[in-house]
Amino acid sequence: MKILFTLGERKIKHTVILKIALLITVLINLPRTLSLFDITKKLVDSFTEVSIRDIIVRFLFLFLMSLVSLELNTNWKNIYARYSTFLRTCITIVLNTILFLGIVQLLVSIYPLVTGQKLSESETGFMYFVYFVILMITIFIARILKYQMIHHEDLLENEKLKQQNLQKELTALKNQINPHFLFNSLNSLNSIVRDNKDATTFIKELSFMYRYILQSGERDVVSLQEELKFLDSYVHLVKTRYRDRFAINIAIDDKYLQREVPPLALQLLVENAVKHNEISEKNPLQVSIYSKNEIIYVENEIRQRTSFVDSTGNGLMNLDKRYFLLKKQHISISNKENIFRVKLPIN
């Protein structure tokens with residue numbers, strides 16, 4: 001119900017409504033405007049003789065004009081969608097102008113060859129007018145189709161979010177049962193190995209991580225400071241396994257600590273580096289996390305594992321989707337100069 005209410009509250013831009021109303025008004029009043037200046041009679045007197053070839057040529061060129069114009073103003077616009085609004089507008093105007101002039105000039109040139117009749121000056125001028133009107137109509141129809149497509153995508157996205165929320169609620173219900181058992185088990189294990197400092201520290205960090213994961217499941221974003229504290233516990237677990245073969249260098253400006261990121265974002269990137277790179281005495285893994293110009297960088301030198309890596313390959317893609325849904329920004333991934341680098345915007 002909330003999704004439907006939100007969609008119901010959306011409004012079409014007044015400029016779009018104004019343009020459509022203006023187009024309808026011009027088209028409806030066009031015949032009377034032509035009659036006012038006695039243009040209709042003059043045009044009829046100067047029209048070429050109607051024939052089968054005449055109808056076929058006009059039909060084919062009208063169809064070609066409509067088809068190409070609709071394609072140009074819907075699907076083909078995606079080719080230069082990455083450019084700025086001003087540049088996209090300029091390109092669209094230029095392409096439509098070329099299409100309009102090209103189609104009419106081609107028709108004027110081909111018409112006498114096919115029908116054996118030459119178009120008069122008045123009929124040629126009227127042809128330009130008619131095709132210009134057709135161009136305007138197809139542009140408006142293309143805009144309407146675009147709005148319908150966007151509306152359809154919004155419905156799908158909202159439905160997807162609804163399903164994700166239902167899944168999240170189901171997971172939360174399951175987690176109400178599991179945490180008590182796990183925490184009790186960790187406490188019992190801690191009491192057994194209390195004389196082993198390394199083991200008790202490991203259990204403590206693991207318990208903190210699990211609690212953080214459960215709590216972050218109820219939040220869409222967390223502060224960078226919280227995320228770094230959680231990462232510290234994860235790094236402790238990794239170092240317990242790899243010792244001096246793994247190192248991490250964190251240099252984040254204090255002014256960014258209250259900026260927000262999706263939960264487990266940094267941990268996922270460090271885990272990704274550990275999972276996919278060789279870690280040995282000869283080739284220790286060094287991960288660097290630092291801030292620069294409103295961006296958090298996570299990078300490491302690429303030393304691809306030769307052994308099998310059990311990975312779905314969806315981690316980075318899911319992080320990018322979460323980032324876009326929550327912050328309307330994408331993460332950046334590169335592997336230039338043998339350095340795997342991920343950029344997380346925090347502005």
Side-chain angles (χ1 to χ4, degrees), residues 1-20 70-85 88 92 138-179 210 212-224 226-227 230 259-269 271-272 296 311-333 342-347:
M1 287 296 293
K2 187 174 180 181
I3 292 174
L4 293 176
F5 176 77
T6 303
L7 290 173
E9 288 292 315
R10 291 188 176 183
K11 294 181 179 180
I12 302 297
K13 291 182 179 180
H14 294 298
T15 52
V16 175
I17 295 175
L18 180 64
K19 290 176 182 177
I20 294 174
L70 287 171
E71 286 285 359
L72 173 62
N73 292 285
T74 53
N75 299 327
W76 296 350
K77 290 182 73 172
N78 296 329
I79 298 174
Y80 51 91
R82 63 182 181 275
Y83 299 144
S84 65
T85 303
R88 290 201 309 268
T92 300
T138 53
I139 288 175
F140 276 109
I141 293 174
R143 292 294 298 274
I144 292 171
L145 292 174
K146 275 285 188 181
Y147 280 122
Q148 286 182 336
M149 183 180 68
I150 293 171
H151 177 67
H152 181 65
E153 289 177 349
D154 285 345
L155 288 175
L156 292 178
E157 189 66 34
N158 284 324
E159 184 62 28
K160 183 179 178 181
L161 289 173
K162 184 178 178 181
Q163 293 296 329
Q164 289 177 346
N165 287 333
L166 290 174
Q167 185 62 42
K168 193 174 181 180
E169 290 178 9
L170 177 61
T171 303
L173 290 174
K174 291 179 180 178
N175 287 337
Q176 290 178 2
I177 302 173
N178 297 330
Y210 189 70
Y212 179 86
I213 292 172
L214 291 178
Q215 293 173 348
S216 64
E218 301 173 359
R219 302 164 63 185
D220 292 328
V221 292
V222 296
S223 70
L224 199 53
E226 293 176 277
E227 184 69 5
F230 170 74
R259 300 290 179 88
E260 294 181 328
V261 296
L264 311 180
L266 295 180
Q267 183 271 336
L268 184 147
L269 296 177
E271 181 184 19
N272 189 68
I296 300 297
S311 174
T312 62
N314 293 327
L316 292 175
M317 183 173 64
N318 288 339
L319 177 59
D320 182 63
K321 287 182 179 179
R322 280 198 297 152
Y323 230 90
F324 184 74
L325 287 173
L326 298 172
K327 300 173 72 68
K328 301 303 178 186
Q329 293 176 299
H330 286 287
I331 66 174
S332 174
I333 304 171
V342 179
K343 301 178 185 178
L344 304 178
I346 52 173
N347 55 338

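Keep in mind that the numbers below use all heavy atoms, side chains included, and drop hydrogens, waters and symmetry copies.
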Problem set entry | Check: K77 main-chain N/O paired with R88 side-chain donor or acceptor under 3.5 Å |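 Not a single qualifying donor-acceptor pair exists.
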Exercise. Just by distance, do the side chain of E227 and the backbone of L266 share a donor-acceptor pair under 3.5 Å?
Worked result: yes
Exercise. Can L268 and L316 be said to form a side-chain contact (heavy atoms from CB on, under 4.5 Å), step by step?
Worked result: CA-CA 8 Å; L268 184 147; L316 292 175; 4.2 Å; yes
When you compare the side chain of [Y] with that of [X], does any pair of heavy atoms fall below 4.5 Å?
X	Y	result
I139	T92	no
L269	L344	yes
I296	L224	yes
N272	V342	no

For this session: Not counting sequence neighbours, which residues clear side chain to side chain contact (heavy atoms under 4.5 Å, CB included) with L326? List them please.
Result: D220, V221, P262
For this session: Only pairs at least two apart or in different chains count here, so list each side-chain hydrogen bond (donor to acceptor under 3.5 Å, both in side chains) that has a residue in residues 323-333.
Result: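 Those involving residues 323-333 are D320-H330, Q329-N347.
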Quick one: side-chain hydrogen bond (donor to acceptor under 3.5 Å, both in side chains) partners of [X], sequence neighbours excluded?
X	answer
E157	none
R259	E294
E226	R219, S223

How far does [atom1] of [X] sit from [atom2] of [Y], to the nearest 0.5 angstrom?
X	Y	atom1	atom2	value
K321	I331	NZ	CD1	12.0 Å
I141	T74	CD1	OG1	11.0 Å
L155	E153	CG	CD	10.5 Å

Exercise. For Y83, what residues pass the ring-ring contact (aromatic ring centres under 6.0 Å, His included) criterion, not counting sequence neighbours?
Worked result: none
